[in-house]
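Residue numbers count from 1 along this sequence. Any value given below was found using the heavy atoms of this structure, including those in side chains, with hydrogens, waters and symmetry copies removed.
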Amino acid sequence: MSIKIDALPQPATDIPNAIDLAYELGELPFDLRRRGIPVLRDAGSGRLRMKAGTADELELRMDPASVVLQRLALKEELHIIGLQQQDRRSGILVHSDSPLRTAADLKAAKLGIAARINPDDSLRKLNAANLVDAALHKVGIAGARPKWIELQSKQAADGIHPGRRELHALLSKEVDAVYADWALSEESRRLLGLRELEGFSFYTPVLTVLTVSAGATLIQEHSVEVERLLAHISLASEWAVNHPTEAHRLAAKQLGISENAIPFIFSDDLHKQLGVNVSDDKWSRLVNLKKEMQDHGCLQGDFPLEESLDRAILQNVQLLVDSGELEHPQRESLSQYAERDLPLSFFNERPRAHRLQGDEEALAAARLFAEEIRPGASDRDRGRKLPLREIRRLAELGLLGLVVPKEYGGPDVSTRTLVDIFKIISHADGAIGQIPQNHHFFVKTIELIGNKEQKSFFFQEVLNGAQFGNGLAERSSSKGARKITTTVRKLDGEEGFVLNGSKYYTTGALYSHWIPVTAMNEDEQRMTAFVPRHAPGVTVLDDWSGIGQRTTASGSVVLRNVKVPESCLLPHFQIFEGPQYFSAFGQIMHAAIDIGIAQAALEDAAAFVRDYTRPAFGSGVTRANEEPDLIRRFGELGIRLQAAEALLDRAADAIDYARKELNAETAGKAALTVDSAKWLVTETAIEITNALFEVAGTSSMDRKHNYDRHWRNVRIHTLHDPARLKLHHVGKWFLNGVYHEYKM
């Protein structure tokens, strides 16, 4: 019988590790990119390499304890920062038809084990012999031992895993049985015609050591980064304790084995054994292993093991975990572009943008675009699939140049037309509808405060298909804080400025060519810096994890020492030095998005009721769409939707009038009508998207329809600017005749 070794299954010997678990859960790689910590990961290896300069590098890695002790004996500069202990199953494998049944049958059997190659392999045989002797002693056979056969490889040091060597020997019947401290699933054993010896199955603790390798000075200089990495690893192991099924599933994925094989390799407590805390029990095992290896000649010389344990890092990690500063892993399905960027081809290979000539052509382009994107809207939301092709098409149709002034070659559509376009696109896909909102917001910024050169340059960029993202909002560092912490400062000794800060809710930034960033200058004045998307120091992450608007890529932008020429810096504060309609212009687009989503929800509800909903019991009608109460409810919802649309149109007209005749009164009326429309649209859109299930019935909530995306999209988007505040703004006018003035 000839069996090819390479055709045999690879026995599972690797250890699931918390480093790979933390990466898989998501928060670790996202946090690294947010903070600009340069880490390279060898997936599945339990290793991370962090660049600490042009040549220096720190490496975090999880290795078997024996390997780490050997490295320490060779005087490598290692710092122990974690210990992981897991129970692995050991046993004796025989042929299914073998006469060997129990441990007692081993007394005269030929028992195979892979020959020693590495120095610490002798410990493996010693431990195996001790386990077999204990099993024989347990059944009353103390004197007779099996004949151990050291299985030689055909080629010395050929790199073949000992488990494969042992499997080959057993299947070739060179031996009667083999000792296995690796494992095969029950299915694999059955396919190979093997079984375990009865009464011989042990769980033995296996110790793995987490180290960081570098000199003491380098470790000290980068202790904050190392501590942050270790804190995420600690949080990942905590997550595993509370999510055993998912933790075992991820462990199986790490090892490249079936989930069903986990119980045959590890104990049922695997999810509790991914922690890397340095307990007294684990440390004692490491100390004892060192002594055992020295006694058997596996370690050359002595070394102070205690000195390699970095207790300062361990203490600081615990403080960081307890502080609550780090996000706990959620195992949420996030975009792959939180860990890496979009391909450059997305930006460099865009088709030429069409130049729209006026409002009617713009509306026609929007209707065409909507028909193209509508079929895939639900699937994009369900799978968090970014609309890369659709965003390219948005530029190609000229829909990014809508508000570019006519004197610079744009169509300069009315606000009413712009609102209609947002409704049309959001009706087809509410997430795509939101993406260009900030783009037009910043095109308007350039119109209002840009100088002639800035207008000429940036308007041509837009007409050629360039998209603006946004860097407006920031995560609050403390409760209630709304202060902008991003700064733009003059460079010392050279022209231009330098930009530093972090932004969140940066809708559209991932897809953009330019990212307009709000920052404060030395005089605490609000500026807008237009930054090239791929400028040095700019990091864009799709780490948006909201329940709705899932494909807007409304994640983070990190800016570190980004150079900004004066030609790309605009004095945003000047917009608010007199009457302005700018705030109303920005907000009306948000309201139009919500109206479009509400329209789609009401239409989906009506279609479902007509085609699928059963009439209520006792209603006396044969079809649900003939039921009087449902007809009345649709009437209520339809009237409210029309009222919200009408008020939105009135607000759009007020903005256009303010633009032509700008003064305190026209600006005030524009703000008043937009605030009024914003409140009514919010209330109406939330009611309609919620009522969809009320009128359509239980079956409409089946996940296959994904109708909840309408409610999720509206609910999260309407929180962008709380509608409750609009009542106060409007109330001040109707009670006291005072218009609300929007500030920066």
* Asked: Quick one: are the ring centres of F585 and H440 less than 6.0 Å apart?
  -> no
* Asked: If we ignore angles and hydrogens, is there a donor and acceptor under 3.5 Å between the side chains of H717 and D594?
  -> yes
* For atom CD of E495, is the number of surrounding heavy atoms from other residues, nucleotides or ligands below 6.0 Å larger than 12? -> no
* Do D341 and R33 sit within salt-bridge range, that is, some charged N less than 4.0 Å from a carboxylate O? -> no
* Asked: Taking NZ, NE, NH1 and NH2 as the nitrogens, is one of them in R659 or D412 under 4.0 Å from a carboxylate oxygen of the other?
  -> yes
* Which of these passes side-chain contact (heavy atoms from CB on, under 4.5 Å) with I515: T506, V540, N470? -> V540
* Asked: Going by distance alone, is a donor N or O of one side chain under 3.5 Å from an acceptor N or O of the other, for T415 and D656?
  -> yes
* Shortest non-hydrogen contact between A395 and G465, atoms and distance -> CB-O, 3.7 Å
* Does atom NZ of K406 have more than 12 heavy-atom neighbours from other groups under 6.0 Å away? -> yes
* To do: Tell me yes or no: between the side chains of S502 and E474, is some donor less than 3.5 Å from an acceptor?
  => no
* Quick one: are the ring centres of F458 and F530 less than 6.0 Å apart? -> yes
* Asked: So, R393 and E396, do they make that salt bridge, N to O below 4.0 Å?
  -> yes
* Asked: Any idea how H729 and Y742 line up, ring-wise: parallel (<30°), tilted (30 to 60°), or perpendicular (>60°)?
  -> perpendicular
* Is the distance between the ring centroids of F441 and F468 less than 6.0 Å? -> no
* Asked: Got a sec: does the OH of Y505 have more than 12 other heavy atoms crowding it under 6.0 Å?
  -> no
* To do: Could you tell me whether K563 and E494 make a salt bridge, using a distance below 4.0 angstrom between a side-chain N and a carboxylate O?
  => yes
* Asked: Can you name the closest pair of heavy atoms from Y511 and L386 and give their distance?
  -> OH-CD2, 3.5 Å
* Carboxylate-amine/guanidinium proximity below 4.0 Å for E325 and R35 -> yes
* Asked: Is there a donor in the side chain of S426 and an acceptor in the side chain of Q434, or the other way round, less than 3.5 Å apart?
  -> no
* Spell out, as yes or no, whether a donor-acceptor pair under 3.5 Å connects the side chain of Q467 to the backbone of P436. => no
* Which heavy atom in A591 sits nearest to a heavy atom in K678, and how many Å separate them? -> CB-CD, 4.0 Å
* To do: State whether the side chain of N17 and the backbone N or O of I19 hold a donor-acceptor pair below 3.5 Å, judged by distance alone.
  => yes
* Any chance the side chains of N464 and Q460 put a donor and an acceptor closer than 3.5 Å? -> no
* Hey, can you tell me if H572 and F582 have their rings parallel, tilted or perpendicular (30° and 60° cut-offs)? => perpendicular
* To do: Can you see which heavy atom on R34 is nearest to which on R560, and at what distance?
  => O-NH2, 2.6 Å
* To do: Give the C-alpha distance, both sets of side-chain angles, the deciding distance and a yes or no for side-chain hydrogen bond (donor to acceptor under 3.5 Å, both in side chains) between H354 and E361.
  => CA-CA 11 Å; H354 176 68; E361 187 182 5; 2.6 Å; yes
* Any side-chain donor near an acceptor of the partner, N500 and T487, under 3.5 Å -> no
* **Between S414 and T417: side-chain donor-acceptor atoms closer than 3.5 Å** => yes
* Count the heavy atoms belonging to other residues, nucleotides or ligands that lie under 6.0 Å from CZ of R389, then report whether that count exceeds 12. => no
* Is a salt bridge present between K423 and D420, judged by a nitrogen-to-oxygen distance below 4.0 Å? -> yes
* Considering only NZ, NE, NH1 and NH2 on the basic side and carboxylate oxygens on the acidic side, decide whether R380 and E390 come within less than 4.0 Å. => yes
* State whether a side-chain donor-acceptor pair under 3.5 Å links D31 with H232. => yes
